[in-house]
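One structure below.
We name chains A, B, ... by the order of the sequence lines, and we start the count at 1 in each one. Model, not experiment: these values are computed from the prediction.
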There are 2 protein chains.
Amino acid sequence: MPLIQQHIEQIRQCTLFASLSDDELKQLVNHGQVVELNAGQTIFSQSEPCHHFYLVQRGMIKLYRLSVDGTEKVMDLAAPNQLFAEAVMFAGNYPLHAAAIEPSTVFAFDCKHFMALLKDNNALSFSLMTSMSHCLNGMINEIDRLTLHSGTQRLAEYLLEQVPEGVMQSSRIRLLVPKLVIASRLGIQPETFSRIMARLRSDGMIETHNDTILLKDLCALRCLAACPG
Amino acid sequence: MPLIQQHIEQIRQCTLFASLSDDELKQLVNHGQVVELNAGQTIFSQSEPCHHFYLVQRGMIKLYRLSVDGTEKVMDLAAPNQLFAEAVMFAGNYPLHAAAIEPSTVFAFDCKHFMALLKDNNALSFSLMTSMSHCLNGMINEIDRLTLHSGTQRLAEYLLEQVPEGVMQSSRIRLLVPKLVIASRLGIQPETFSRIMARLRSDGMIETHNDTILLKDLCALRCLAACPG
DNA sequence: TGTGAAATTTGACATACATCAATGCGCGTC
DNA sequence: GACGCGCATTGATGTATGTCAAATTTCACA
């Protein structure tokens with residue numbers, strides 16, 4: 001699949017690559033490839049050796065673990081313009097599975113080549129470490145939520161995350177993935193997800209219409225997310 | 001507090017510092033300091049600016065979060081010879097609290113100075129990234145356990161972690177921290193911890209004597225940890 | 001060695017959430 | 001436009017774990 005200029009522009013936007021010269025970036029891109037994915041298609045599997053990291057151009061990617069009995073836990077979702085697996089380059093093997101949940105396009109960067117760039121470009125190392133640091137922070141927050149917050153709180157938090165910056169009173173949002181997937185992401189069952197939504201609805205905090213949700217009272221939702229109960 | 005040779009030897013053992021010359025290491029150590037801590041004493045608090053990272057020399061350190069109502073969640077425990085907070089240098093602020101749970105000695109490294117070393121020593125950057133990678137892996141496993149494993153499974157896993165390599169059938173271990181703390185570490189209540197232990201005891205898998213625990217059937221415990229139920 | 005506070009254990013009870021099951025809805029496909 | 005298949009919703013029920021409370025043990029410190 002040929003790389004069009006548009007792709008390169010998008011890649012340039014990543015802060016991880018900010019310190020690369022035009023030439024270095026072109027080199028990096030030349031060692032990578034565009035990958036088209038069908039809905040449900042796997043990108044890599046847990047414990048597989050890690051040869052690539054990825055940038056989402058279009059679609060949605062789920063990063064997940066499987067338990068022995070086949071239960072799936074979605075650890076994170078990667079939307080367009082987001083990198084994933086860039087922080088596991090030094091681990092050798094992927095720590096989880098990645099699959100597209102809808103038709104998607106990703107760009108695959110070559111780990112070996114990127115590592116070579118890292119060797120000569122300390123600023124790039126710093127960028128990657130900053131990226132890893134953010135990743136780590138997110139994980140700690142995740143554990144915090146799972147252990148210190150209830151399902152209702154986590155769902156409220158998730159809804160509020162979808163609200164654009166600066167919106168104060170109410171906001172209309174869309175769920176970009178099936179509720180099934182969000183439930184797994186939040187560590188609850190789909191049935192529980194549905195029931196919590198029903199409660200928020202009957203409490204007058206939200207109105208729902210399929211994947212479109214009107215958050216009628218952001219204040220109340222924020223309170224719900226913050227306070228135990 | 002003066003640094004004795006013994007301290008420097010211990011610091012040298014850290015793989016993070018493997019690429020440092022004797023001189024660089026001495027420089028690093030000269031910019032740091034030994035800190036003596038009483039039981040319960042705080043080392044740093046969440047959201048505080050990050051100026052140091054640490055190596056435990058003696059004692060035990062808990063890394064934890066607090067919820068709004070004061071509930072404590074122990075995210076990790078650092079034993080002697082373990083580094084902590086080395087992966088948050090690039091974040092700017094500590095993402096959690098750190099405190100000694102018994103009289104402890106830690107060595108505090110200066111982040112600024114270490115960052116300066118990083119600039120000129122790419123191998124050091126690689127070491128740090130490897131360290132961060134391991135940290136990340138641990139976090140993913142942690143989320144996996146919290147969402148996909150039951151309290152009983154997590155406790156069994158914890159007990160098995162205390163068993164030295166190569167032991168096959170049975171093993172005598174010691175809990176190095178109060179059960180209260182382990183319970184928080186595992187994301188369960190102390191009462192639940194106690195009850196699970198009682199069940200393992202009545203199932204003939206373990207015998208207990210305060211903080212000393214005899215794991216009578218490692219196979220059964222491993223099965224319990226792996227299989228749901 | 002005694003004393004008090006903290007940790008642990010045990011019991012009774014409450015509850016959030018999971019599970020099982022059935023129905024309904026939406027959506028893509030032919 | 002009809003069919004079929006996931007996904008979503010709702011109800012009934014089960015259960016692991018939390019909460020509250022009290023008794024008991026452990027341990028640090030005087």
Side-chain angles (χ1 to χ4, degrees), chain A residues 38-40 60 62 67 69-74 101-103 145-156 174-202 206-213 224 227-229, chain B residues 38-41 59-60 62 67 69-74 100-103 145-156 174-203 206-213 224 227-229:
Chain A
N38 299 322
M60 188 72 77
K62 70 174 172 190
S67 75
D69 64 341
T71 311
E72 178 179 303
K73 159 62 184 170
V74 174
I101 55 181
E102 59 183 273
R145 278 189 291 264
L146 286 170
T147 52
L148 260 16
H149 296 197
S150 69
T152 304
Q153 286 177 293
R154 299 203 296 274
L155 177 44
R174 289 196 60 188
L175 302 180
L176 302 173
V177 294
K179 294 172 181 176
L180 194 71
V181 176
I182 299 177
S184 171
R185 173 69 242 273
L186 298 176
I188 56 181
Q189 297 305 119
E191 293 94 329
T192 305
F193 182 98
S194 185
R195 272 185 256 271
I196 294 174
M197 289 296 269
R199 216 180 62 230
L200 295 183
R201 213 182 305 127
S202 79
I206 64 173
E207 277 172 25
T208 63
H209 197 294
N210 293 340
D211 64 346
T212 301
I213 299 171
L224 190 66
C227 309
Chain B
N38 299 321
Q41 198 174 338
M60 187 72 78
K62 69 175 172 189
S67 75
D69 65 341
T71 310
E72 178 179 302
K73 160 62 184 168
V74 174
I101 56 182
E102 58 184 272
R145 279 189 291 264
L146 285 170
T147 53
L148 258 18
H149 296 197
S150 69
T152 303
Q153 286 178 292
R154 298 202 297 275
L155 178 45
R174 289 196 61 188
L175 303 180
L176 303 173
V177 295
K179 295 173 180 175
L180 193 73
V181 175
I182 298 176
S184 170
R185 174 69 242 272
L186 297 176
I188 57 181
Q189 296 305 120
E191 293 93 330
T192 304
F193 182 97
S194 183
R195 272 185 257 270
I196 295 174
M197 288 295 270
R199 216 181 62 231
L200 295 183
R201 213 181 305 128
S202 79
D203 286 356
I206 64 173
E207 278 172 26
T208 63
H209 198 295
N210 292 342
D211 63 347
T212 301
I213 300 171
L224 190 66
C227 310

Between the main-chain N or O of [Y] and the side-chain N or O of [X], is there a donor-acceptor pair closer than 3.5 Å?
X        : Y        : result
B/Ser184 : B/Val74  : yes
A/Arg154 : A/His149 : yes
B/Lys73  : B/Arg185 : yes

Q | Steps toward side-chain contact (heavy atoms from CB on, under 4.5 Å) verdict (B/Lys62, B/Glu72) | A | CA-CA 11 Å; B/Lys62 69 175 172 189; B/Glu72 178 179 302; 2.9 Å; yes

Q: Please give the angle, rounded to 10 degrees, between the axes at the start and the end of the helix from C/dT1-D/dA30 to C/dC30-D/dG1, where five pairs define each axis.
A: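 The angle, to the nearest 10 degrees, is 60°.
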
Whole-Å distance between [N] [atom2] and [X] [atom1]?
X        : N      : atom1 : atom2 : result
B/Leu146 : C/dC17 : CG    : C1'   : 16 Å
B/Glu102 : C/dA7  : CD    : P     : 14 Å
B/Ile188 : C/dC17 : CD1   : P     : 18 Å
B/Gln189 : C/dA7  : CD    : P     : 14 Å
A/Arg199 : C/dC17 : CZ    : C1'   : 11 Å
A/Leu175 : C/dG26 : CG    : P     : 16 Å

Check nucleotides 9-11 of chain C against the protein and report each pair of N or O atoms closer than 3.5 Å, with its distance, or say if there are none.
{"unit_1": "C/dT9", "atom_1": "OP1", "unit_2": "B/Lys179", "atom_2": "NZ", "d": "2.9"}
{"unit_1": "C/dT9", "atom_1": "OP2", "unit_2": "B/Ser194", "atom_2": "OG", "d": "3.3"}
{"unit_1": "C/dT9", "atom_1": "O5'", "unit_2": "B/Ser194", "atom_2": "OG", "d": "3.2"}
{"unit_1": "C/dG11", "atom_1": "N7", "unit_2": "B/Arg195", "atom_2": "NH1", "d": "3.1"}
{"unit_1": "C/dG11", "atom_1": "O6", "unit_2": "B/Arg195", "atom_2": "NH2", "d": "3.4"}

Q.
With no hydrogens and no angle check, just 3.5 Å: does a side-chain donor-acceptor pair link A/Asp69 and A/Thr71?
A.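 Distance-only check passes for A/Asp69 and A/Thr71.
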
**Q.** Spatial distance of atom CG (A/Asp211) from atom CD1 (A/Ile182) [nearest 0.5 Å]
**A.**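 Taking CG in A/Asp211 and CD1 in A/Ile182, the distance rounds to 9.0 Å.
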
**Q.** Results of side chain to side chain donor-acceptor pair (under 3.5 Å) for B/Thr208 - residues two or more places apart only
**A.**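 B/Thr208 satisfies side chain to side chain donor-acceptor pair (under 3.5 Å) with B/Arg201 once adjacent residues are dropped.
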
Q | Partners meeting side chain to side chain donor-acceptor pair (under 3.5 Å) with B/Glu207 (sequence neighbours left out) | A |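 For B/Glu207 the side chain to side chain donor-acceptor pair (under 3.5 Å) partners, ignoring immediate neighbours, are B/Lys216.
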
Q: Answer with base, sugar-phosphate or nothing: what part of the nucleic acid does B/Gly40 contact at a heavy-atom distance below 4.0 Å?
A: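 B/Gly40: no heavy atom of the nucleic acid under 4.0 Å.
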
Q) Hey, are the side chains of B/Thr192 and B/Leu155 touching, using non-hydrogen atoms and a 4.5 Å cut-off? A)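 With C-beta onward as the side chain, the pair stays apart.
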
Q. Looking at B/Asn38 and B/Ala100, what are the two nearest heavy atoms and their distance?
A.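 Minimum heavy-atom contact is O-CB, 3.7 Å.
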
Q) For B/Asp203, what residues pass the salt bridge (charged side-chain N to carboxylate O under 4.0 Å, His left out) criterion, not counting sequence neighbours? A)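 By the salt bridge (charged side-chain N to carboxylate O under 4.0 Å, His left out) rule, B/Asp203 matches no residue at all.
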
**Q.** Where chain B begins and ends its contact with DNA chain D, read 5' to 3' at 4.0 Å from heavy atoms
**A.**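 Both ends considered, the range comes out as D/dT17 to D/dT26.
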
